Amino acid sequence: MYETKPEPQRALLFTLVFPKDDQALTALATQELDSLVESIDVVPVSHETITVREINPATLIGKGKVAEISEEIDATGADLVIFNQAVKPRVQRNLEAAWGIPVIDREEVILRIFAARARTKEAKLQVELARLSYLRPRLAGREGQLSQQRGGGFSNRGQGETQLEIDQRRIAEKITKLQQRLQEVDKERAQQTRSRAQSPIPRIAIIGYTNSGKSTLLNHFSQGATLAEDKLFATLDPTTRLVKITGGESFLLTDTVGFVSNLPTTLVDSFKSTLEEALDADLLILVSDALHPSMLACYQTTLQVLEELGAQDKPRILFINKMDKEHDEFSTIRLTSLETHVVTGSLLTGDGIPQLETEISDLLHELSPTWSCTIPEDRYDLVARLRREAQILSIEYSGTGVRATVRVRNPQLAQMLVPFLDHTV
């Protein structure tokens, strides 16, 4: 017996552009759609940019363009049309009726990728919630069969529920159950966050655009086996490793889900708990891809997501990756000028890694100063707390008390040490 793979769908891709749109952001969105479509095993036949002055409420693009695309579908044999922006359910139905093939938007493309890549229980719940939220308003009018009625009759007071109403009610019930289950997961995550906050080990989150090298950076520091593939959204779940770098610094390093421009609202909401790893971190490493043709636009998108999370003021290091390949020198210099702590290099060759480790050590030292103190014998409660919540570099017991060299992250604990402080290292 031979297994045959179904033929991949052939798609026409369209990006709508307004006269006042930023060209760099438009180019970024266009490039992203090409990469996103490749990730769902769809073959792009063509990608056309359509300039419009206003959106047609019924068809997005007007009757003339609808007719033109219909001829293109016939000529190319395309069996799918993908738009690079949200398509309302009514518009989707109108276009599918006009062209006779499925019409999907950027959001559904990303949903398909997330559904295929989700691995953990939490990620699967988040993807399912986002999928149902997207599907719910699109039930109406499907194939006509959803208007059929269930129940009802001469003896009943009402005419009964239509199949559409039943399906909508079932989806609403599923959404409610998923939200409840995710609330339980959020409580567990909040408990883990509180436990980590009391830990003496600092936390660093790797953030940045999808496919920029975040998982590769985690692998480099931890010698782990985190998935690192050359495709968008290769990993959806945060992965944390305990890392010790050359200078002796130890910290927890987390790889977060990658950013992308115009990430659908349903997915932003669903994956907020994952993205909030950046909010809980002491330090951020922002990874940028020097080979990306719209590197500056990617950087701005990352900053926007950080601002939405309330993490824009977190201390951070910008690491510009893939500098071993031919890249845009002007964009690199411009990006370098926008951040205080910048390291350029390549995770492939290891160039820049020693400098990155130095920057990490220096910033962690600022966040958790090293103090030398002498704690009197009657304050062993404070010594016990130091053992729980601080990094003890050295400790010595003598007749005058306990001499300790420690690194403290907790401001409250640091304030308690002030009366016993010898000096700051």
Side-chain angles (χ1 to χ4, degrees), residues 7-113 130-131 133-148 162-165 167-168 171 260-267:
E7 288 291 326
Q9 288 181 293
R10 292 164 49 81
L12 299 178
L13 280 52
F14 297 99
T15 295
L16 302 192
V17 180
F18 295 91
K20 294 184 179 180
D21 282 352
D22 184 284
Q23 291 185 355
L25 293 178
T26 299
L28 172 60
T30 304
Q31 294 154 6
E32 282 179 355
L33 183 63
D34 292 336
S35 298
L36 290 168
V37 168
E38 288 176 6
S39 298
I40 59 172
D41 296 326
V42 170
V43 178
V45 177
S46 64
H47 191 161
E48 181 182 348
T49 300
I50 305 173
T51 302
V52 295
R53 295 191 177 277
E54 60 181 4
I55 294 292
N56 184 304
T59 58
L60 278 182
I61 51 179
K63 293 182 179 179
K65 197 64 182 177
V66 170
E68 182 182 321
I69 292 174
S70 182
E71 293 177 0
E72 188 176 354
I73 291 170
D74 292 338
T76 61
D79 44 26
L80 180 65
V81 170
I82 303 176
F83 281 96
N84 202 9
Q85 51 275 316
V87 177
K88 293 182 178 180
R90 173 170 169 260
V91 173
Q92 186 179 36
R93 290 192 296 271
N94 290 342
L95 292 176
E96 288 180 347
W99 294 333
I101 62 174
V103 175
I104 66 174
D105 58 14
R106 178 190 180 91
E107 182 169 352
E108 184 166 340
V109 173
I110 296 177
L111 278 170
R112 289 187 184 185
I113 297 172
R131 188 187 70 84
S133 299
Y134 177 82
L135 176 63
R136 189 178 181 182
R138 288 169 166 76
L139 286 177
R142 287 198 171 185
E143 304 298 330
Q145 78 272 19
L146 296 182
S147 63
Q148 297 174 2
T162 64
Q163 182 63 47
L164 171 61
E165 290 168 336
D167 290 341
Q168 288 180 329
I171 285 183
V260 67
S261 67
N262 301 319
L263 187 65
T265 304
T266 51
L267 288 174

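Every value quoted in this text rests on a predicted model; they were computed, and no experiment measured them.
Considering every non-hydrogen atom in both S70 and A98, the closest pair reads OG-O, 4.4 Å. Here the closest heavy-atom approach between residue E72 and residue L12 is recorded as OE2-CD2, 3.7 Å.
No side-chain heavy atom of V17 sits under 4.5 Å from any side-chain heavy atom of I50. L80 places a side-chain heavy atom less than 4.5 Å from the side chain of I82.
Residues satisfying the side-chain contact (heavy atoms from CB on, under 4.5 Å) test with P8, not counting sequence neighbours, are V43. By the side-chain contact (heavy atoms from CB on, under 4.5 Å) test, D41 pairs with no residue at all, sequence neighbours left out. R112 pairs by the side-chain contact (heavy atoms from CB on, under 4.5 Å) definition with Q9, I40, I104, E108, not counting sequence neighbours. Scanning for salt bridge (Lys or Arg N to Asp or Glu O under 4.0 Å) contacts around E68 gives K65, with sequence neighbours left out. Residues forming a salt bridge (Lys or Arg N to Asp or Glu O under 4.0 Å) with D105 (at least two apart in sequence, or on another chain): R138.
With values rounded to the nearest 0.5 angstrom, L13 atom CG is found 11.0 Å from R106 atom CZ.
A side-chain donor-acceptor contact under 3.5 Å links E96 to the backbone of V103. In this structure, D74 contributes its side chain and E71 its backbone to no donor-acceptor pair below 3.5 Å. Between the side chain of Q85 and the backbone N or O of L16 there is at least one donor-acceptor pair closer than 3.5 Å. A side-chain donor-acceptor contact under 3.5 Å links W99 to the backbone of V66. Remark: side-chain polar atoms of N84 are not paired, donor with acceptor, to backbone N or O of F14 under 3.5 angstrom.
In the model, E48 has no side-chain atom that pairs as donor or acceptor with a side-chain atom of T15 under 3.5 Å. Using modelled atom types and a 3.5 Å distance limit, the side chains of H47 and T30 yield no donor-acceptor pair.
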When you look at I73 and I101, which way does the side chain to side chain contact (heavy atoms under 4.5 Å, CB included) test go after all the steps? CA-CA 9 Å; I73 291 170; I101 62 174; 3.6 Å; yes
Would you mind writing out the side-chain donor-acceptor pairs for residues 51-63 within the sub-3.5 Å range, not counting sequence neighbours?
residue : atom : partner : partner atom : Å
N56     : OD1  : A58     : N            : 2.8
N56     : OD1  : T59     : N            : 3.2
T59     : OG1  : G62     : N            : 3.3

